[in-house]
Every structure is written in structure tokens, then in C-alpha cells.
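What follows is a short report on a single structure.
Bear in mind the structure is a predicted one, so any value in this text is a computation, not a measurement. Counting convention: from 1, in listed order, for ligands and their atoms alike.
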Amino acid sequence: MSQQDDLFSAADPAAVSVSEQSKTAQRAEILRNQLNDYNHQYYVLDNPTVPDAEYDRLLRELQDIEREHPELKTPDSPTQKVGAMPLSAFEQVAHEMAMLSLDNAMNAEEFADFYARVQKQLNTSDDIEFACEPKLDGAAVSILYENGVLVRAATRGDGQTGENITQNVRTIKNVPLKLVGDYPQRVEVRGEVYMPLDGFEAYNAKALAAEEKVFANPRNAAAGSLRQLDSKITAKRPLEFCSYGIGVVSDDFDMPESLSGIFQRVKSWGIKINDELTVAKNLIEAQAFYDGLGEKRHSLPYEIDGTVFKVNNLALQQQLGFVARAPRWAIAYKFPAVEEMTVLENVDFQVGRTGAITPVARLNPVKVAGVVVSNATLHNADEIARLDVKIGDTVIIRRAGDVIPQVVSVVTDRRPDNASDIIFPNTCPVCDSDVERVEGEAVARCTGGLVCSAQRKEAIKHFVSRKALDVEGLGDKLIDQLVEQDLIHSVDDLFHLTLEQLAGLERMAEKSAQNVLDALEQSKQTTLGRFLYALGIREVGTVTANNLASYFGFLQWIMVADKETLLAVNDVGDIVASHIVNFFAEAHNRNIIEQLKLAGIQWPEQEPVTAADDAPLSGKVAVITGTLASMGRDQAKEYLEQLGVKVTGSVSKKTDFLVAGEKAGSKLTKAQSLDVEVLDNDAFMALLAEHGIEHV
Ligand code: IVH
């Protein structure tokens with residue numbers, strides 16, 4: 001037994017409580033130091049090393065300790081201030097009115113507690129009305145207007161003193177340099193500067209290609225961009241501003257009774273307020289706003305990490321007042337964190353249909369945004385190098401929307417001594433063939449082709465998948481067995497399987513074996529588009545496959561087409577055209593197609609519907625997004641193609657117009673930012689009618 005254990009097991013209860021107290025004091029100090037460190041990384045370096053969820057947990061632990069032991073509170077405790085002191089390179093700005101922070105609620109119970117607290121403090125059981133807003137994930141900014149002119153902008157800094165970032169804020173496109181309408185003589189507009197998701201992704205893609213620093217998330221991107229000493233750099237970043245309130249305001253302002261009234265006024269001066277803004281009449285409506293926004297969260301064009309509720313009535317706000325760092329009349333009701341921390345236990349290498357080798361991180365399971373994550377993609381060798389990640393590292397995992405979980409960064413100060421390098425294999429982990437990496441491409445590929453059982457399995461799974469030949473009942477496990485037992489080598493072998501062979505497999509009764517055979521038989525009647533897609537030509541997805549089918553009409557023509565001819569097809573660029581030519585140049589592939597036709601696969605022949613050069617809108621490029629009131633997107637695309645329009649998937653400078661239905665998201669924002677013409681449902685119908693298409 002060590003001396004310390006001895007001490008703790010002492011019979012004297014006073015001794016125990018003294019040592020427990022000093023342990024708590026020690027813990028508080030550790031937490032203070034750790035949190036101050038994290039604050040510095042977050043606010044000064046724009047480079048947090050742990051996810052917000054971890055920061056919040058530690059802050060709460062410290063708050064709990066300080067609540068129970070007020071004597072342990074110190075003036076420098078991170079519970080007593082917001083953020084860190086600004087960088088010395090920017091001029092400092094003293095806020096005339098402190099820029100406060102918000103208390104958090106993490107679940108419905110904590111939110112209901114907040115509501116009850118407000119009622120109690122106001123000594124009422126009446127319903128309380130709340131202004132409901134999304135909690136934008138960016139950086140807080142104060143913008144001062146005098147006589148309608150933008151004279152100064154500042155960061156929040158520590159809440160009392162911020163940094164003068166006027167030059168940078170002036171570059172943000174939706175921040176007016178001059179207010180319009182009936183504005184007060186002097187007003188400080190407050191709000192969040194953030195980077196919309198499409199801009200963030202485009203920025204990171206560019207930075208990655210140029211081997212520059214990428215941002216871990218849109219919030220760091222916004223904060224980092226705002227704190228550039230050279231405002232020309234800020235000007236190139238796709239930032240936006242959205243107001244969530246006002247600070248100081250001169251006496252000539254006719255103060256409305258409610259916060260929602262203030263928002264209307266701010267809007268009338270030409271400043272953006274959030275589209276999602278709502279007033280909730282009571283707790284139930286407020287909770288419903290949170291639930292609704294949670295569902296919509298991933299389809300918004302910007303990132304949010306929760307909702308903010310503020311007592312709507314300004315007189316009640318005043319009655320409630322403030323505590324140390326936050327108002328009593330507001331709360332940030334957070335969504336489950338999209339970033340969490342866990343340990344990278346191992347890395348496996350998976351071989352895909354085209355031989356691409358993907359490193360997959362095996363993680364100590366962790367709950368991220370409500371789902372347990374135990375695997376995340378590491379993409380490729382470049383990404384491993386960029387992250388500088390090792391086995392044994394503590395990593396930050398991010399799961400946003402339907403996206404596959406990503407490893408965002410490494411918490412380097414938690415790297416254990418025995419962390420080991422991730423070694424990218426030189427030979428295929430499945431078939432041992434050489435792995436090659438084409439110059440200029442990030443992907444490493446197994447050169448085994450169909451010799452590689454992993455590639456064979458994936459090719460067959462693709463061939464029978466729903467959008468391809470759609471063979472029901474032929475699941476992944478069954479295909480794994482068929483390949484492993486050498487019953488099939490390539491897709492055409494599927495059509496020679498017998499009842500005995502299938503029924504002899506694990507977990508296959510005769511009835512299900514017969515069902516598979518029936519489904520295979522049925523799948524033989526297909527379409528040219530499906531068949532082309534099923535072949536698994538690199539980068540030929542369903543859209544390209546269907547475009548090829550309708551352009552050429554006959555498989556034979558596609559098989560002999562040269563690159564030039566292929567380039568005339570919608571959606572087919574240089575790279576895809578080469579993949580198609582190379583695929584059909586392989587005798588092996590031509591042979592499989594022959595075998596498939598012999599096995600009875602067929603499709604109705606169709607006349608090519610090549611858009612004539614003299615089609616009325618020939619040469620125009622369009623994108624369709626959102627939900628159209630009059631028809632589905634496929635139908636809309638077909639009409640446009642009839643008119644000679646090339647329909648593509650993403651908005652760029654080359655786009656002539658965007659057809660945008662309801663709930664259009666980032667494509668609409670992008671089109672607006674590029675000044676691309678936008679047609680709503682009615683305008684689109686008018687365009688069709690103008691060219692003689694009457695849709696009923
Ligand atoms: S109100 C006194 N409203 O969250 C109220 N803040 O944790 C102060 N934020 O510093 C802020 N969206 O950077 C408010 N709709 C919103 C917000 C919002 C994001 C940020 C802001 C603030 C932090 C507080």
C-alpha cells in the first residue's frame with residue numbers, strides 16, 4: 001500500500017475531508033488552466049484542439065465545483081469571462097455596452113427549467129413569449145453606424161474590449177456601408193459573421209489543392225477570416241453577416257416594445273436578419289421551434305449549433321437583468337454536438353469496385369449527434385499526411401448531415417508515447433497485387449482488376465444494385481459467399497447459377513434460392529441506361545448513363561464512339577469520356593457484354609433523341625434545385641433537354657440560369673452570389689410555354 005492510500009484510509013474523518021477538499025481545489029485549478037488554454041486556442045489562435053462538447057463539459061464541471069465551493073472561485077476563472085484578450089496587432093475597442101455570452105441548455109429538461117426560472121423571477125405563471133432564432137456558428141461582431149454610415153466594427157473579444165476590424169467587416173458583401181430608411185442617429189448593430197457551407201467547402205477544396213491550411217469547420221473559417229490583418233484577404237472569403245440584436249442606440253430611436261419589433265426595424269435599415277426568426281407564445285411552441293429547426297438543420301445553407309431563445313418583451317428583459325456573463329432573459333438551447341473526441345484504435349484498408357484503396361479509421365465507439373460512430377473515412381494517403389494522424393491518437397470526429405463521419409483533426413497533446421505510424425500498403429490487402437498511385441491523383445489503386453476478389457465482389461454488388469439491374473434478394477452477404485466459393489467470377493456468371501448451387505449456401509433455403517433465380521430472370525428485361533450504369537464504368541453514374549443511352553440509342557454506337565463524339569453528350573467531360581473509351585477498348589469487357597447478351601439481357605431499342613443544334617435554347621446551361629410545385633425534377637430536366645439546354649448538377653459561372661423550387665438551399669445562394677438568373681416555378685412554366693411546351 002502506498003503512503004497516499006494509507007493517508008486516505010485514515011480513520012480520522014477530518015483528515016479525509018481536508019484531503020478531499022484539496023483534491024477538489026486541485027481539480028478546479030486543472031480545469032481553470034485547461035479551459036484558459038482552450039480559450040486561447042479558440043479565440044486567439046482560431047485553432048481549437050478539442051471539440052466544443054469537451055469544452056462545455058469541462059466548463060460545467062468547473063461551474064459545479066464553484067457553485068458548491070464558492071471559496072474556490074478565482075478572478076481569472078474562465079467562468080468569469082468570455083474569450084481571451086485580443087491580439088495586440090489590432091487596435092482595441094472598448095464596448096460601450098458589454099457584449100455578453102449566453103447560458104446553455106443541453107436538453108428539454110434544462111430548457112423547461114430555464115422557462116420556469118424566468119416565470120419565477122418575474123413572479124408570474126403566465127405564458128412567456130420568446131423570440132426564437134437559430135444559433136449561428138460563426139463569430140460575434142458589433143457594427144456601429146453614425147448618421148447611417150458604417151464607422152466602426154469590432155469583435156467581441158473578452159466582452160468588454162474587442163478588436164477593431166472595421167476594414168475587414170467593410171468587405172463583407174451583405175453588410176451595408178450606408179443604412180437606408182428611417183435609422184437612428186447612432187446605432188450599434190450586433191450579429192454573427194459566418195461562412196455559408198458552400199463557400200466553406202469551396203474554400204477548403206481550393207486550399208487543399210494549393211496545399212494551404214484548411215479550416216476545421218465554418219466557424220473557424222469565419223473567425224480566422226475576420227482576424228486577417230490584410231483586409232484584401234478577408235474580401236476574398238465568402239462571409240455573410242446576420243443581425244441578432246442591437247447594442248447602444250441614440251435617444252431619437254423610438255424603441256419598440258418587443259425584440260421582434262427591433263428585428264423589423266433593423267431589417268428596414270437594409271440589414272439581414274435570419275429567415276427562420278419566429279415568435280413562440282409559450283414553452284410548447286418554443287420547444288416545437290427547437291425540434292423543427294433540428295430536423296431542418298442539415299438542409300440549411302449555413303451551420304448552426306442550436307437555437308437561441310430571448311424573452312420577447314423588452315420591459316420584461318429589463319426586469320430580469322443579467323448575471324456575470326449572460327442575460328437572464330436568454331438561453332442557447334444547443335443541438336447534440338456534431339464533433340466529439342475519441343481514440344483511433346486501428347486503420348483498415350478497404351478495396352472498392354474500381355480498386356481504390358480507402359483507409360478506414362476504426363474508432364473507440366463514440367456518440368456523435370445522437371449516433372454511435374465506430375468508423376470514419378480517412379480518404380487517402382494525402383489526407384493521413386495532412387492530418388498527421390497516428391494509431392493511438394485522440395482524434396476529433398465530425399458527423400454533419402448524411403455525410404460519412406470524418407476525422408477532422410488530432411489532439412496532439414494527448415498523443416501517447418506508443419502511437420504508431422499508419423503504413424499505407426504497397427500491395428493490395430485482399431489479393432496482394434501491386435498498388436499503384438497515378439501521378440496527380442490522390443487515390444491509390446489495386447492493379448488486380450477482376451483478379452482481386454474484393455473488386456469482383458464490389459463489381460457484382462454494383463451490377464445487381466437497385467439503380468442498376470435491380471436483382472432483389474441478392475444481398476451483399478450472398479455475393480461475398482458466391483465469390484469466395486468460386487461460384488462466380490464475373491457478372492455474366494450470375495445468369496448460369498443453378499438452384500442447387502444457391503440452395504447449398506449458408507442461410508439459403510430452397511425457396512429463397514428460387515426467388516433469387518426468378519429475380520435474376522426478371523432483371524434480364526432492362527433499359528440501356530440501367531445496363532450502362534450496371535457495367536460500372538468509372539465515373540459513369542445514373543445520370544451520365546441515361547444521357548449516353550438517350551444520345552446514342554444503341555449500345556453498339558457507344559462502344560465504338562471516340563472521345564470527341566462522347567464529349568457532345570450532356571454531363572460528359574474529358575475524364576469521363578476517356579474512362580468510357582478505355583472501358584470498351586478492353587477485350588475482356590467486350591467479352592462480358594457479349595456473354596450477358598447471350599444470357600438473354602435485353603432492352604427496348606430507342607431512337608436517339610440528340611438535341612438538334614437548332615433547338616431553341618441550344619448551348620444554354622441550367623441547374624435545377626428545390627421542389628417545383630408543377631412537376632418533378634426529372635420531368636423538368638427532360639423538358640429542358642428537349643429545348644437543347646444542358647442540365648448540370650452544380651452552379652458555376654458557366655450556368656445560364658437556375659430553376660429553383662421551394663426549399664432551394666445552397667445552390668440558390670450560390671446562384672445569387674454569382675448573379676446567375678433564377679427562375680421560380682412560375683417563371684419556369686412561362687419559359688416552357690414560350691417554347692410551346694404545355695405541361696399539365
Ligand atoms: S445573442 C446577450 N443570438 O452565440 C445575447 N447570439 O454564446 C448575446 N450567437 O456571442 C448573444 N447566434 O456569437 C445571440 N441568434 C443569436 C446567436 C448568437 C449565434 C453566438 C454569438 C454569441 C454566442 C453566445
Side-chain angles (χ1 to χ4, degrees), residues 39 42-43 46 52-53 55-56 59-60 63 78-79 81-84 86 95-106 114 118 130-143 153-163 165 169 188-196 217-220 222-223 226-227 239-248 259-260 262-263 266-267 271-280 286 289-290 293 297 300 302-312 314 316-318 320-335 337:
N39 268 339
Y42 184 113
Y43 288 105
D46 293 322
D52 289 0
Y55 179 90
D56 289 345
L59 185 66
R60 282 192 158 212
Q63 281 168 335
T79 59
K81 63 182 193 116
V82 191
H95 295 299
E96 287 171 56
M97 198 189 263
M99 286 186 81
L100 296 167
S101 179
L102 292 167
D103 266 343
N104 290 334
M106 298 299 189
F114 161 75
V118 169
F130 280 95
C132 320
E133 305 160 45
K135 187 167 189 297
L136 297 164
D137 216 0
V141 168
S142 139
I143 311 178
T155 62
R156 182 178 63 174
D158 66 359
Q160 305 296 331
T161 313
E163 291 164 335
I165 50 162
V169 169
E188 181 195 358
V189 174
R190 291 182 173 180
E192 198 84 349
V193 167
Y194 57 96
M195 193 178 278
N217 53 48
R219 182 194 51 217
N220 296 133
L226 274 185
R227 297 174 80 262
L239 299 176
E240 265 177 31
F241 173 76
C242 177
S243 170
Y244 50 65
I246 58 175
V248 286
L259 182 58
S260 46
I262 293 189
F263 285 137
V266 170
K267 189 176 175 186
I271 289 185
K272 182 184 165 78
I273 57 166
N274 200 283
D275 291 339
E276 309 296 330
L277 259 169
T278 311
V279 173
F289 175 82
Y290 171 89
L293 205 61
R297 175 183 189 186
L300 292 173
Y302 45 79
E303 193 154 275
I304 60 175
D305 61 345
T307 47
V308 179
F309 293 92
K310 298 170 189 159
V311 170
N312 197 28
L314 298 180
L316 295 184
Q317 280 194 7
Q318 208 154 28
L320 286 158
F322 301 86
V323 283
R325 60 197 275 277
R328 285 207 194 87
W329 42 263
I331 193 129
Y333 182 4
K334 298 275 217 71
F335 293 136

At their closest point, which heavy atom of [X] faces which heavy atom of [Y], and how far apart are they?
X	Y	value
V279	C132	C-SG, 4.4 Å
A53	A337	CB-CB, 3.7 Å
I262	L314	CD1-CD1, 3.7 Å

4.5 Å side-chain heavy-atom contact, L136 and N274:
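When only atoms from C-beta onward are counted, N274 and L136 do touch, with a gap below 4.5 Å.
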
Look at [atom] and say which protein heavy atom is nearest, naming residue and atom and giving the distance to 0.1 Å.
atom	answer
atom 8 (C) of ligand 1	L100 O, 3.7 Å
atom 9 (N) of ligand 1	E192 OE1, 3.5 Å
atom 15 (N) of ligand 1	E133 OE1, 2.7 Å
atom 3 (N) of ligand 1	K310 NZ, 3.1 Å
atom 5 (C) of ligand 1	L102 CD2, 3.8 Å
atom 12 (N) of ligand 1	L136 N, 3.1 Å

Is a donor on one side and an acceptor on the other found under 3.5 Å between the side chain of H95 and the backbone of G159?
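No, the answer is negative, given that no donor and acceptor are paired below the 3.5 Å cut-off.
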
Check: E163 side chain, T155 main-chain N or O, donor-acceptor pair, under 3.5 Å
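It does not hold such a pair.
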
Does [X] approach ligand 1 within less than 4.0 angstrom via side chain, backbone, both or neither, non-hydrogen atoms only?
X	answer
K135	both
R156	side chain
P327	side chain

Geometric class of the Y290/F335 ring pair [parallel <30°, tilted 30-60°, perpendicular >60°]:
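It falls in the tilted class, 30° to 60°.
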
Is there a polar contact between ligand 1 and P134, counting only N or O atoms under 3.5 Å apart?
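Yes; the residue has a nitrogen or oxygen that sits under 3.5 Å from a nitrogen or oxygen of the ligand.
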
Would you indicate which of Y194, F322, W329, Y244 comes nearest to atom 16 (C) of ligand 1 when only heavy atoms are counted?
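The option holding the nearest heavy atom is Y244.
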
Y244 vs F263, test: ring-ring contact (aromatic ring centres under 6.0 Å, His included). Steps then yes/no.
CA-CA 7 Å; Y244 50 65; F263 285 137; 8.5 Å; no

Would you call S101 a ligand 1 contact, heavy-atom distance under 4.0 Å?
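Right, S101 reaches ligand 1.
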
